[in-house]
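Sequence lines set the chain letters: A, B, ... in the order given, protein chains first and strands last, and positions in each chain run from 1. Computation of the quantities below employed the complete heavy-atom set of this structure, encompassing side-chain atoms and omitting hydrogens, waters and symmetry-equivalent molecules.
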Number of protein chains: 2
Amino acid sequence: MGSIDSAMGATMLKAAEDILRDEGYAALTSRRVSEYAGVKQRLVYYYFATMDDLIIESFRRLAVRELERLRTSISSNHPLHDIWDMCMNTADSRLVAEFMALANRNEGLRQEVIKFIEESRDIQISAIKKALASGGSKDLKPVAIAFLGSSVALALNREAALGVTMGHQTVKRLIKQFCDGLEG
Amino acid sequence: MGSIDSAMGATMLKAAEDILRDEGYAALTSRRVSEYAGVKQRLVYYYFATMDDLIIESFRRLAVRELERLRTSISSNHPLHDIWDMCMNTADSRLVAEFMALANRNEGLRQEVIKFIEESRDIQISAIKKALASGGSKDLKPVAIAFLGSSVALALNREAALGVTMGHQTVKRLIKQFCDGLEG
DNA sequence: GTCTATACACCGATAGAC
DNA sequence: GTCTATCGGTGTATAGAC
């Protein structure tokens, strides 16, 4: 078995992500990955025991990258604006859609997705708490701000990818006003 | 070619929806549909020219049903509460995830999904306008309320299906307070 | 580490009998 | 309206040579 951290292992994980985003999970096959990587199909099974392993490792790679981006993008001056920008410029919504669909049926992936959601929400909550001098009002707690922000950003990205823009400008203005109101 | 409105056509559309929700779009094959319907594979192609047609008709059926539910669930007394309840009790989030993923790559389905999103948003906006005596403030327009509501409800359902509940109670309370504040 | 070759199952779609 | 039968293609996964 080859290592995931080897050049070829990384190439295959990159290929898997590209295929998922551009062609969907039904096209994520060992043959398709091997084409992308310019090798023969058999080699995929040298680096990944099963296709399930490849999918899970692929998500793990994405999650690590996104959590890293989230942590470093939060400045101490405008954490709310930073979180919002980060949510709006996150992983491609088509790729997210594939992982979401897969996670409903793949137990291993589901666990990874749960960990990712909870960890990123924790990071966002910490940043929001710092932004709010009072630590959040009785009506608007940090966890609610984090949830609303990421939900709305995801929906905006998803619809934009489909070609729907109805109300998007209004919503973006509203969010910006909200952030401005809390941290100028 | 058989009609979609025939008993067998409806049975196959129902089968397609069940398979999508329970096994994902990779399992939505003519053979699988025929098993569900208790007939032979060949018959699927008597009712649907291609599997793409079956998928699109399947979504259309769902869209018609949901739009109908949305229209009839809105009372004149508590439209905001009604919309929220409807969004929280909409189609299974696993089924939605499959259609969302498919729509990014299937042009015909994409058009149907766009129509559905815009039509349901229109219905929601009309109801919200009636609820707001002023027709919406400068900062909180009906379209923004509609967008935020459906985004957040979808996210709550999606995460609940995965097994994540972090912040859900807080968010639900917040939404309820908001609706109560506007329509008691 | 990468390859050839293969087993076996399933796919969409079609021809044509009843 | 439903069936049997079949085509060519693709899927996961493995055996084993180099």
Test B:Asp82 against B:Ser73 for side chain to side chain donor-acceptor pair (under 3.5 Å), laying out the working first.
-> CA-CA 6 Å; B:Asp82 296 333; B:Ser73 72; over 6 Å; no

Can you check the [X] [atom1] to [N] [atom2] distance for me, whole Å?
X	N	atom1	atom2	answer
A:Gln41	D:dG11	CD	P	9 Å
B:Asp52	C:dG12	CG	P	11 Å
A:Arg31	C:dT4	CZ	C1'	13 Å
A:Glu35	C:dC3	CD	P	13 Å
B:Leu54	C:dC11	CG	C1'	15 Å
A:Asp5	C:dG1	CG	P	13 Å
A:Asp53	D:dT12	CG	C1'	13 Å
A:Lys40	D:dG11	NZ	P	15 Å

Between A:Gln41 and A:Ser30: side-chain donor-acceptor atoms closer than 3.5 Å =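 Per modelled atom types, A:Gln41 and A:Ser30 side chains form a pair under 3.5 Å.
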
A side-chain contact here means heavy atoms from C-beta on lying under 4.5 Å apart; do [X] and [Y] qualify?
X	Y	result
A:Phe99	A:Leu62	yes
B:Val171	A:Val143	no
B:Ile125	B:Ile128	no

Go through the structure and list residues passing side-chain contact (heavy atoms from CB on, under 4.5 Å) with A:Lys130, not counting sequence neighbours.
-> none

For DNA chain D, what residues of residues 43-51 of chain A have any heavy atom nearer than 4.0 Å?
-> A:Tyr45, A:Thr50, A:Met51

Give me each pair satisfying salt bridge (Lys or Arg N to Asp or Glu O under 4.0 Å) with a member in [range], each pair once, sequence neighbours excluded.
range	value
residues 33-50 of chain B	B:Arg32-B:Glu35
residues 167-184 of chain B	B:Lys176-B:Asp180
residues 143-159 of chain B	A:Arg121-B:Glu159

Give me the distances for all protein-to-nucleotides 15-18 of chain D N/O pairs that come in under 3.5 Å?
residue	atom	partner	partner atom	Å
D:dA15	N6	A:Arg42	NE	2.9

